[in-house]
Amino acid sequence: MSVPTIVVHRDADVLAKAVAARIITRLVDAQSATGSASLVLTGGTVGTATLAAIAATPARDAVDWSRLDIWWGDERFLPSGDPERNETGARRALLDQVDVDPERVHVMLGPDSGLTAEEAADAYATELRKAARPEDHGPAPSFDVMLLGMGPDAHVASLFPGMPALYDTRPVVAVHGSPKPPPTRISLTLPVIQGSREVWVIAAGEEKSGAVRLALSESGPVQVPAAGAHGRSRTLFLLDRAAAGKIPPGMGRIASP
Ligand SMILES: O=C(O)[C@H](O)[C@@H](O)[C@H](O)[C@H](O)COP(=O)(O)O
């Protein structure tokens with residue numbers, strides 16, 4: 001388990017641009033080393049703003065988008081094309097503007113597939129298992145970067161405090177009764193998140209500051225899911241100053257201009 005590194009940026013706009021640059025560099029490095037890369041996307045405003053910032057960065061062309069596997073940490077269980085789907089937001093912000101290989105864009109299915117949320121979760125678990133290699137030592141790939149937005153209640157993906165998904169050992173689960181609409185979702189679980197090489201939690205705004213403090217303290221992941229968001233080799237908390245406002249001194253904080 002990697003101890004979180006905290007990087008603080010001036011505001012949400014600089015945060016999105018800085019994370020975009022960080023993603024591009026990380027993907028280029030991964031592709032240089034192995035010929036491929038894997039990135040797990042998150043929904044939410046900061047996650048989507050980060051994708052838009054990638055699209056607006058000329059350096060985006062340094063990434064070979066055709067050799068990138070794109071996954072989602074969670075999805076709202078809505079029909080394909082629904083504006084509230086995380087996939088729709090990601091396509092509009094970035095994916096429709098770069099040459100991704102459609103076979104390597106792994107979407108979580110919605111009700112228009114004819115599957116229930118449970119069946120769609122199982123289908124995603126099967127896709128993850130097929131993509132896993134022996135060296136991943138688990139039911140899913142060790143993703144190069146797992147992006148996670150975080151709610152004011154410290155939820156990540158669609159893992160909300162105290163809900164059954166946090167006790168589930170399966171790699172992907174259906175979530176019902178989500179406190180954040182829509183109520184039905186599909187989510188990776190913590191074991192899969194923790195199997196990633198790097199986990200990057202991205203948060204902006206004063207309303208997230210309490211959750212950030214809890215996540216960086218000795219909190220348990222059932223009540224503070226973001227406390228369980230750590231990667232095998234690296235964990236980053238990428239914040240704006242407002243979200244970092246309640247971090248106790250000496251938490252390994254690296255302030256950026
Ligand atoms: O489906 C979702 O809504 C997201 O996956 C969710 O986990 C989101 O990342 C957080 O709620 C933060 O969202 P904001 O960045 O909009 O606060």
Side-chain angles (χ1 to χ4, degrees), residues 9 11-20 23 39-54 70-80 82-95 106-111 117 120-121 124 143 145-163 165-166 172-190 192-193 196 199-212 214-215 221 224-229 236-245:
H9 294 287
D11 56 35
D13 182 54
V14 173
L15 173 66
K17 290 170 180 168
V19 176
I23 289 169
L39 175 64
V40 184
L41 304 183
T42 180
T45 49
V46 179
T48 305
T50 297
L51 300 184
I54 293 174
I70 293 168
W71 304 85
W72 272 266
D74 72 329
E75 186 56 276
R76 295 95 177 272
F77 191 61
L78 297 167
S80 182
D82 187 296
E84 287 304 305
R85 275 179 64 90
N86 292 333
E87 173 201 2
T88 307
R91 289 189 185 281
R92 282 181 185 158
L94 174 62
L95 303 186
H106 309 276
V107 302
M108 292 175 165
L109 296 175
Y124 210 68
F143 306 110
V145 177
M146 162 84 61
L147 298 176
L148 292 171
M150 186 187 71
D153 60 356
H155 79 258
V156 291
S158 287
L159 303 174
F160 295 91
M163 292 192 67
L166 284 153
V172 191
V173 293
V175 172
H176 298 282
S178 163
K180 178 177 183 182
T184 306
R185 294 159 167 257
I186 296 172
S187 184
L188 302 185
T189 55
L190 282 180
V192 170
I193 290 171
S196 307
V199 171
W200 301 4
V201 176
I202 319 168
E206 194 279 332
E207 72 277 10
K208 307 293 177 74
S209 60
V212 167
L214 282 173
V224 184
L236 294 178
F237 272 66
L238 304 170
L239 311 170
D240 72 352
R241 285 179 187 158

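Just follow the structure's listing: the first ligand is 1, and inside any ligand the first atom is 1. Every heavy atom of this structure was used, including side-chain atoms; hydrogens, water molecules and symmetry mates were not.
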To which protein heavy atom is [atom] closest, and what is the distance rounded to 0.1 Å?
atom	result
atom 5 (O) of ligand 1	D74 OD1, 2.7 Å
atom 13 (O) of ligand 1	K180 NZ, 3.4 Å
atom 10 (C) of ligand 1	H155 NE2, 3.4 Å
atom 7 (O) of ligand 1	A157 O, 2.7 Å
atom 17 (O) of ligand 1	K208 NZ, 2.6 Å
atom 9 (O) of ligand 1	G43 O, 3.0 Å

Proximal ligand 1 atoms for [X], defined as those under 4.0 Å from one of its heavy atoms:
X	result
R185	1 (O), 2 (C), 3 (O)
T42	5 (O), 9 (O)
V46	15 (O)
R76	1 (O), 2 (C), 3 (O)

Electrostatic pair E75:R185 at N-O distance under 4.0 angstrom
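A salt bridge is absent here (no side-chain N lies under 4.0 Å from a carboxylate O).
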Looking only at heavy atoms, is any part of N86 under 4.0 Å from ligand 1, and if so is it the side chain, the backbone, or both, or is it neither?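 Side chain only.
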Rounded to the nearest 0.5 Å, the CD atom of E87 sits from the NE2 atom of H106 at a distance of 12.5 Å
Practice item. Go through the steps to decide whether L148 and I193 satisfy the test side-chain contact (heavy atoms from CB on, under 4.5 Å), and finish with yes or no. Key: CA-CA 9 Å; L148 292 171; I193 290 171; 3.9 Å; yes
Review point. Going by distance alone, is a donor N or O of one side chain under 3.5 Å from an acceptor N or O of the other, for S158 and D74?
Key: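 A donor-acceptor contact under 3.5 Å links the two side chains.
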Requested in this report: Would you check if the distance from the ring center of Y124 to the ring center of W71 is below 6.0 Å?
Outcome: yes
Report yes or no: does S209 contribute a side-chain atom to a donor-acceptor pair with the main-chain N or O of E206 at less than 3.5 Å?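 Yes, the answer is positive, given that a donor and an acceptor are paired below the 3.5 Å cut-off.
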| said: Could you check whether any side-chain N or O of T88 sits under 3.5 Å from a backbone N or O of E84, counting only pairs where one atom can act as donor and the other as acceptor? | reply: no
(Q) I'd like to know whether ligand 1 has E207 as a neighbour, heavy-atom separation below 4.0 Å. (A)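 In this structure, E207 fails to qualify as a contact of ligand 1 - no heavy atom is under 4.0 Å.
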| message | Can you tell me which residue among L147, L41, L188 is in a side-chain contact (heavy atoms from CB on, under 4.5 Å) with W72? | response |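 Of the listed options, the one satisfying the test is L41.
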